[in-house]
Trainee: 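Starting off with a structure, shown below.
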2 protein chains.
Amino acid sequence: MPTVSSEELAAAAGVNSAKLRKDFSYLGSYGTRGVGYDVEYLVYQISRELGLTQDWPVVIVGIGNLGAALANYGGFASRGFRVAALIDADPAMAGKPVAGIPVQHTDDLEKIIQDNGVSIGVIATPAGAAQPVCDRLVAAGVTSILNFAPTVLTVPDGVDVRKVDLSIELQILAFHEQRKAGEDHGGTVPPAAAHQEPGEQGPDGDVPAVMPA
Amino acid sequence: MPTVSSEELAAAAGVNSAKLRKDFSYLGSYGTRGVGYDVEYLVYQISRELGLTQDWPVVIVGIGNLGAALANYGGFASRGFRVAALIDADPAMAGKPVAGIPVQHTDDLEKIIQDNGVSIGVIATPAGAAQPVCDRLVAAGVTSILNFAPTVLTVPDGVDVRKVDLSIELQILAFHEQRKAGEDHGGTVPPAAAHQEPGEQGPDGDVPAVMPA
DNA sequence: AGGTGTGAAAGGGTTCACAGCG
DNA sequence: CGCTGTGAACCCTTTCACACCT
């Protein structure tokens with residue numbers, strides 16, 4: 001299949017074809033009228049725009065179950081991510097290989113970051129260790145942090161943090177599950193929040209915008 | 001602190017106070033004019049609306065690193081989730097306790113679901129096993145599935161699926177990282193997508209709406 | 001013809017601003 | 001007087017519809 005139309009892609013993605021064309025148009029004019037989009041060319045252009053063609057060395061700090069799961073996760077390599085190092089505070093872990101990469105001790109964190117030119121760090125430590133680790137990562141030159149620890153991190157301006165809460169997705173499912181069952185609700189919620197569109201399976205839309213901890 | 005104003009909550013959440021008040025108004029009139037919101041009462045009302053006051057038994061299928069990390073995750077209990085069972089296809093795992101819960105074999109999946117009245121299942125298996133597991137969960141009565149396997153699942157109408165891709169958040173960070181560094185871009189992207197607001201750390205907004213696999 | 005690229009219309013969500021209540 | 005609750009204004013995103021190119 002050398003070429004696709006916006007109509008076909010839209011159907012596959014579960015969106016309107018006009019939206020898809022408009023979105024693509026922000027990247028440039030990569031389609032051919034009367035024909036569609038050249039698949040290979042389009043994939044390359046989107047990959048480049050998203051930064052998938054670059055090599056991103058990342059470090060994972062905190063090699064418990066979650067850290068190990070991340071280290072073993074196959075999806076990283078294909079998106080341009082390379083696990084440059086695994087770091088843990090437990091001296092007993094040092095030297096042990098996880099996913100083929102030897103775990104290093106937290107003492108060497110700064111050196112590891114600098115030697116590998118790492119700008120993205122993943123924190124998978126317990127809650128208490130997260131902020132100190134974060135501070136050291138930032139001081140060593142990391143400017144983007146993915147945080148799996150159940151804490152809100154404080155960082156200086158110019159540093160991006162994204163927090164992943166493994167229970168939030170479950171909570172969204174439970175929210176809908178609740179509605180499937182009993183239909184006796186106190187309040188009124190606008191239709192947009194009532195239910196996700198069938199077909200989509202992703203973390204977007206359909207989530208209350210404001211949800212205090 | 002027995003009471004909060006919408007202004008204070010909005011500042012803490014990094015949003016507009018009017019939005020917060022409007023959002024709350026969909027749940028009912030839980031505030032007091034001239035005073036603010038009674039914290040304890042508000043927390044209860046929001047919890048109830050989100051389904052946090054209920055008990056949600058869940059099963060986790062696939063007890064590798066990720067499954068184990070989920071089983072050990074502390075955040076579930078406080079949100080009303082109870083890990084009713086851990087299930088794995090490896091006979092060697094059967095009986096082994098993970099996070100204090102003995103792992104059970106896939107053969108007993110249907111019985112486990114029914115005995116515990118489980119309606120929410122978590123899939124943390126390898127990609128190949130995900131769809132068969134999903135089918136069995138659904139046949140046994142599960143109506144909401146949280147999928148960590150790198151596959152898009154096919155389910156009948158009435159079943160909700162949410163897919164968590166651990167590399168997508170990393171990709172979003174890399175996208176911004178790329179912009180921090182070089183500023184030579186081919187295309188033009190609308191301002192809303194240019195950068196996340198400082199202060200927020202969540203998986204929402206700021207993500208291209210359409211991103212074909 | 002067939003399908004992109006895009007101005008213009010429609011729609012939905014956010015913000016303003018203030019009436020109204022404690 | 002202070003702060004909620006909310007109609008109305010505003011703005012951004014999505015969709016329509018069609019000119020234009022292949």
Side-chain angles (χ1 to χ4, degrees), chain A residues 1-43 45-46 49 186-197 199-200 202 204-212, chain B residues 1-43 45-46 49 186-197 199-200 202 204-212:
Chain A
M1 193 178 200
T3 157
V4 263
S5 69
S6 61
E7 204 66 57
E8 293 169 292
L9 280 176
V15 299
N16 186 294
S17 69
K19 174 169 169 44
L20 197 138
R21 287 200 302 279
K22 178 141 284 189
D23 282 1
F24 282 5
S25 75
Y26 289 119
L27 306 179
S29 286
Y30 298 142
T32 308
R33 295 172 192 227
V35 178
Y37 299 89
D38 181 87
V39 174
E40 193 181 350
Y41 186 55
L42 182 64
V43 166
Q45 290 296 346
I46 292 176
E49 189 76 24
T188 314
V189 170
H195 202 279
Q196 74 185 112
E197 288 300 309
E200 62 166 306
D204 63 60
D206 202 18
V207 185
V210 171
M211 192 193 297
Chain B
M1 193 178 200
T3 157
V4 264
S5 69
S6 60
E7 203 68 57
E8 295 169 291
L9 280 177
V15 299
N16 186 293
S17 70
K19 174 169 170 43
L20 196 139
R21 288 200 300 279
K22 179 142 287 191
D23 282 1
F24 282 5
S25 76
Y26 289 119
L27 306 179
S29 287
Y30 298 142
T32 309
R33 294 167 194 233
V35 179
Y37 299 90
D38 182 87
V39 173
E40 194 181 349
Y41 186 55
L42 182 64
V43 165
Q45 290 297 347
I46 292 175
E49 189 75 24
T188 315
V189 170
H195 202 279
Q196 75 186 111
E197 287 301 309
E200 61 165 308
D204 63 60
D206 202 18
V207 186
V210 171
M211 192 192 296

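A, B, ... follow the sequence lines: proteins, then strands. Residue 1 opens every chain.
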Trainee: Looking only at the side chain of B/Tyr37 (C-beta and beyond, no hydrogens), which of the listed nucleotides D/dG7, D/dT4, C/dG7 gets closest?
Mentor: D/dT4
Trainee: Please examine the side chains of B/Thr32 and B/Asp38, heavy atoms only from C-beta on, and report whether any two atoms are closer than 4.5 Å.
Mentor: no
Trainee: Could you give me the CA-CA distance, side-chain angles and deciding distance for B/Val15 and B/Asp23, then say whether side chain to side chain contact (heavy atoms under 4.5 Å, CB included) is met?
Mentor: CA-CA 11 Å; B/Val15 299; B/Asp23 282 1; over 6 Å; no
Trainee: Give one of base, sugar-phosphate or nothing for B/Ser6, where a contact means two heavy atoms less than 4.0 Å apart.
Mentor: sugar-phosphate
Trainee: Is any side-chain heavy atom of B/Leu9 closer than 4.5 Å to one of B/Leu42?
Mentor: yes
Trainee: In whole angstrom, give the distance that lies between atom OH of B/Tyr41 and atom P of D/dT4.
Mentor: 15 Å
Trainee: For the rings on A/Tyr41 and A/Tyr30, is their centre-to-centre separation under 6.0 Å?
Mentor: yes
Trainee: Which listed nucleotide (C/dT4, D/dG5, C/dG5) is nearest to the side chain of A/Ser5?
Mentor: C/dT4
Trainee: Between B/Tyr30 and D/dC3, does any side-chain N or O lie under 4.0 Å from OP1 or OP2?
Mentor: no
Trainee: Out of curiosity, B/Arg21 CZ to B/Tyr26 OH, how far, rounded to the nearest 0.5 Å?
Mentor: 13.5 Å
Trainee: Check the distance between C/dG2's P and A/Glu7's CD and give it to me in whole angstrom.
Mentor: 13 Å
Trainee: Distance check needed: D/dT4 P versus B/Leu20 CG, whole Å only.
Mentor: 9 Å
Trainee: Is a donor-acceptor pair below 3.5 Å formed from side chain A/Arg33 to base D/dT22, judging by atom type as modelled?
Mentor: no
Trainee: Just the rounded figure in Å: distance from P of D/dT6 to CZ of B/Phe24.
Mentor: 14 Å
Trainee: Is A/Lys19 close enough to D/dT14 that one of its side-chain N or O atoms is under 4.0 Å from OP1 or OP2 there?
Mentor: yes
Trainee: Taking the nucleotide of DNA chain D with the closest heavy atom to each, which residue, A/Arg21 or A/Val35, is nearer the 5' end?
Mentor: A/Arg21
Trainee: Which nucleotide, C/dC16, D/dG5, D/dT14, lies nearest any side-chain atom of B/Asn16?
Mentor: C/dC16
Trainee: What is the distance, to the nearest angstrom, from the OH atom on B/Tyr26 to the P atom on D/dG5?
Mentor: 13 Å
Trainee: Where each residue is assigned the nucleotide of DNA chain C containing its nearest heavy atom, which of A/Gly34 and A/Ala18 is assigned the position nearer the 5′ end?
Mentor: A/Gly34
Trainee: Nearest whole Å is fine: how far is D/dC3 P from B/Asp38 CG?
Mentor: 16 Å
